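A short worksheet on the structure shown next.
Worth saying up front: this structure is predicted, and the values here are computed from it rather than measured. By convention in this document, chain letters (A, B, ...) are assigned in the order of the sequence lines, proteins followed by strands, and residues within each chain are numbered from 1.
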Number of protein chains: 2
Amino acid sequence: MTVDVSISTEENASAAQNERGERAPRARGRPGGEDSRARILSSAGKLFAARGYSGVSMRELARAAKVNLGAVNYHFGGKGKLYHETVLRLIEDIGPVFGPIIHRLVDEVSNAAGNREALSHCTANFMKDMFATVLGKRSLRWQMAFLLREFHQPSREFPMILAERINPMHDAVGTLLAAALELDPKDPSVRLRSQAFIGQIMSFGASRSVVCARLGWDDYSKNRIDFIAATIIPATLASLGLPPVVTNEEKRA
Amino acid sequence: MTVDVSISTEENASAAQNERGERAPRARGRPGGEDSRARILSSAGKLFAARGYSGVSMRELARAAKVNLGAVNYHFGGKGKLYHETVLRLIEDIGPVFGPIIHRLVDEVSNAAGNREALSHCTANFMKDMFATVLGKRSLRWQMAFLLREFHQPSREFPMILAERINPMHDAVGTLLAAALELDPKDPSVRLRSQAFIGQIMSFGASRSVVCARLGWDDYSKNRIDFIAATIIPATLASLGLPPVVTNEEKRA
DNA sequence: TATATTTGGTCAAACGTTTGAATAATCAAG
DNA sequence: CTTGATTATTCAAACGTTTGACCAAATATA
């Protein structure tokens, strides 16, 4: 448990003792290295997501991360390697976010055991989770933009993203659709409908500018995201031939 | 009619006579101008779509268009102006493609007059048109990539694209959804479902790499696009509470 | 000749990268 | 408790290349 945390955050690795009580060797040399590294990685993610690889200069990046220009190459050994590290970091970052959502979906589908009301609830829960996460999580904003960019303009890092994060998500949705449609999860039509299912959700992230322009919104907010979910979920349930989910308010009436 | 064609292709504008039979004034000076301009514009579209504004250098562009570096600035007066012209050209190009699709949809929805079988056929026809166009038309490939880029990373040209091409498309889908759901076309939930409707289709273009990877395809083909349409259309009909469309084969049986 | 276009070249600025000195911490020796 | 070696990091300057822009001369048609 403590191991997991230290791996996922990856900070303070050199600052304390290890779990055996042995003295961990303190960092030598001028301090601040891990700090700068983290700042560079964070700035790089945001900038690459917003403007793409060639749209970001090393100088701009160094300025944003508040480090010297040379420090970027010192820590990462070049722009290309930095981009690679950014993708690795992205994959690490979104794992703990989508992992539980995927886990919950697969669990609930399994527990539903074909019961269609239960499948409706799985679907609604999953979509609520996804909308809230993809559209709402401030901390995930640049990651989503980064992903969308890699989707439609795959770099050499794309296969890794596909294998580590996209395939598990699509496979999970596949089990839901297979249960709802009573088809094999490997059926090509299930895979296509998984794409439509996920693509529909992601499109609200990819076309944020369009949605906001057409709805007269400045940006998404919690209430607006809830409204999107409440609007789209019934349509998706119907598309799967699943019964509508009765909301709490409707139950009271 | 002939006017539309000449506008849409925009080539040979200086090569022949106009429709009144008057002699069009032949171009003076060194020849090749309109040719070079068109080649530059075409290369610029493809390159900007693939790598983005800053991912393309003027020299690379000149090489791709087989013109001298100076000729690009001669014709367009700079990289920024060339990008602007590329967007104008894009809007002009996709107009004749999506215009008829939109027109057909609005017409058929109007003629359906609320009849739900007729609305099913509208929907199916529109989606078939869209899938075939967005995924299939080779000539539209870079335009779609360009659009998707502008969606999620709007440049200063975005408002024009929105007004000229996106809003009409969304409004047309809005009339379909309003008829099917018996709501006002301006209802926010109709606008959101229009986004989901279109976004779902576009996602097959945006995530081409994902779809192909998961289906084991190298690329889309006519048959595969038909298969996508045949898979997704029934789901969309169900999501709108519209009756399924009976295919020709099923009718014979 | 007049006009339109192409051409090759130059320019300052910005690019990614490299370098070597300066800095700040730890560690081992005295 | 100081000292000097060692290590890690920062920093400013410079490298050679590429960038977008610009220009005057050359060229090809009317």
Side-chain angles (χ1 to χ4, degrees), chain A residues 10-18 22-41 43-44 47-48 51-86 155-156, chain B residues 11-17 22-41 43-44 47-48 51-86 155-156:
Chain A
E10 211 179 350
E11 325 272 354
N12 61 30
S14 59
Q17 306 172 218
N18 64 22
E22 296 160 2
R23 260 188 83 71
R26 289 260 265 138
R28 316 233 304 192
R30 197 168 168 176
E34 213 56 38
D35 241 47
S36 304
R37 221 188 118 88
R39 262 202 325 270
I40 294 170
L41 222 33
S43 296
L47 287 174
F48 282 143
R51 285 201 275 288
Y53 182 79
S54 50
V56 181
S57 76
M58 298 286 272
R59 285 168 174 82
E60 179 186 15
L61 176 60
R63 212 178 314 125
K66 295 193 189 111
V67 298
N68 185 273
L69 171 60
V72 183
N73 277 315
Y74 170 76
H75 282 288
F76 297 95
K79 195 183 184 184
K81 302 223 181 106
L82 171 61
Y83 190 85
H84 177 75
E85 284 292 320
T86 306
S155 77
R156 110 155 38 81
Chain B
E11 327 271 353
N12 63 29
S14 60
Q17 307 171 220
E22 295 161 1
R23 262 187 79 73
R26 286 261 265 145
R28 313 232 304 186
R30 199 168 170 176
E34 211 56 37
D35 241 46
S36 304
R37 216 188 123 89
R39 266 206 317 278
I40 294 169
L41 223 32
S43 296
L47 288 175
F48 283 142
R51 285 202 276 287
Y53 181 80
S54 49
V56 182
S57 75
M58 299 285 273
R59 284 167 174 83
E60 179 187 15
L61 177 60
R63 212 179 315 121
K66 294 190 191 117
V67 299
N68 186 275
L69 171 60
V72 184
N73 278 313
Y74 169 76
H75 283 288
F76 297 95
K79 196 184 184 184
K81 299 215 183 121
L82 171 60
Y83 190 84
H84 178 75
E85 283 293 318
T86 306
S155 77
R156 112 155 37 83

[X] [atom1] - [N] [atom2] separation (whole Å):
X: B/Asn68; N: D/dA26; atom1: CG; atom2: P; result: 15 Å
X: A/Arg37; N: D/dT9; atom1: CZ; atom2: P; result: 10 Å
X: B/Phe76; N: D/dG20; atom1: CZ; atom2: C1'; result: 16 Å
X: B/Leu47; N: D/dG20; atom1: CG; atom2: P; result: 12 Å
X: A/Ile40; N: D/dC11; atom1: CD1; atom2: C1'; result: 13 Å
X: B/Arg39; N: C/dT6; atom1: CZ; atom2: C1'; result: 11 Å
X: A/Lys66; N: D/dT9; atom1: NZ; atom2: C1'; result: 19 Å

Partners of B/Tyr83 by side-chain hydrogen bond (donor to acceptor under 3.5 Å, both in side chains), sequence neighbours excluded?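 Expected list: B/Glu150.
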Considering only [options], which nucleotide approaches the side chain of [X] most closely?
X: B/Ala71; options: C/dT7, D/dA8, C/dT5; result: C/dT7
X: B/Leu69; options: C/dT17, D/dT9, D/dA21; result: D/dA21
X: A/Lys79; options: C/dT7, D/dC11, C/dG16; result: C/dG16

Can you tell me if the side-chain N/O atoms of [X] get under 4.0 Å from OP1 or OP2 in [N]?
X: B/Asn73; N: D/dC22; value: no
X: B/Ser36; N: C/dT6; value: yes
X: A/His75; N: D/dT10; value: yes

Hey, what do you get for CG (B/Asn73) to CD1 (B/Ile40), rounding to the nearest 0.5 Å?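 Going from CG on B/Asn73 over to CD1 on B/Ile40, the span is 9.0 Å.
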Report the distance from atom OG of B/Ser36 to atom CG of B/Leu41, rounding to the nearest 0.5 Å.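 If we round to the nearest 0.5 Å, B/Ser36:OG and B/Leu41:CG are 12.0 Å apart.
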Sorted by number, the residues of residues 52-64 of chain A with heavy-atom contact under 4.0 Å to DNA chain C: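 Heavy-atom cutoff 4.0 Å gives A/Val56, A/Ser57, A/Met58, A/Arg59.
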Hey, does the side chain of A/Tyr53 reach the backbone of A/Gly80 with a donor-acceptor pair shorter than 3.5 angstrom?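 Such a contact is found between A/Tyr53 side chain and A/Gly80 backbone.
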Residue pairs, two or more places apart or on separate chains, that pass salt bridge (Lys or Arg N to Asp or Glu O under 4.0 Å) and touch residues 67-86 of chain B: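 Checked against salt bridge (Lys or Arg N to Asp or Glu O under 4.0 Å) - neighbours excluded - the pairs reaching residues 67-86 of chain B are B/Arg37-B/Glu85.
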Donor-acceptor pairs under 3.5 angstrom involving side-chain atoms of residues 58-65 of chain B: please list them, not counting sequence neighbours.
from: B/Glu60; atom 1: OE2; to: B/Arg51; atom 2: NH2; distance (Å): 2.1

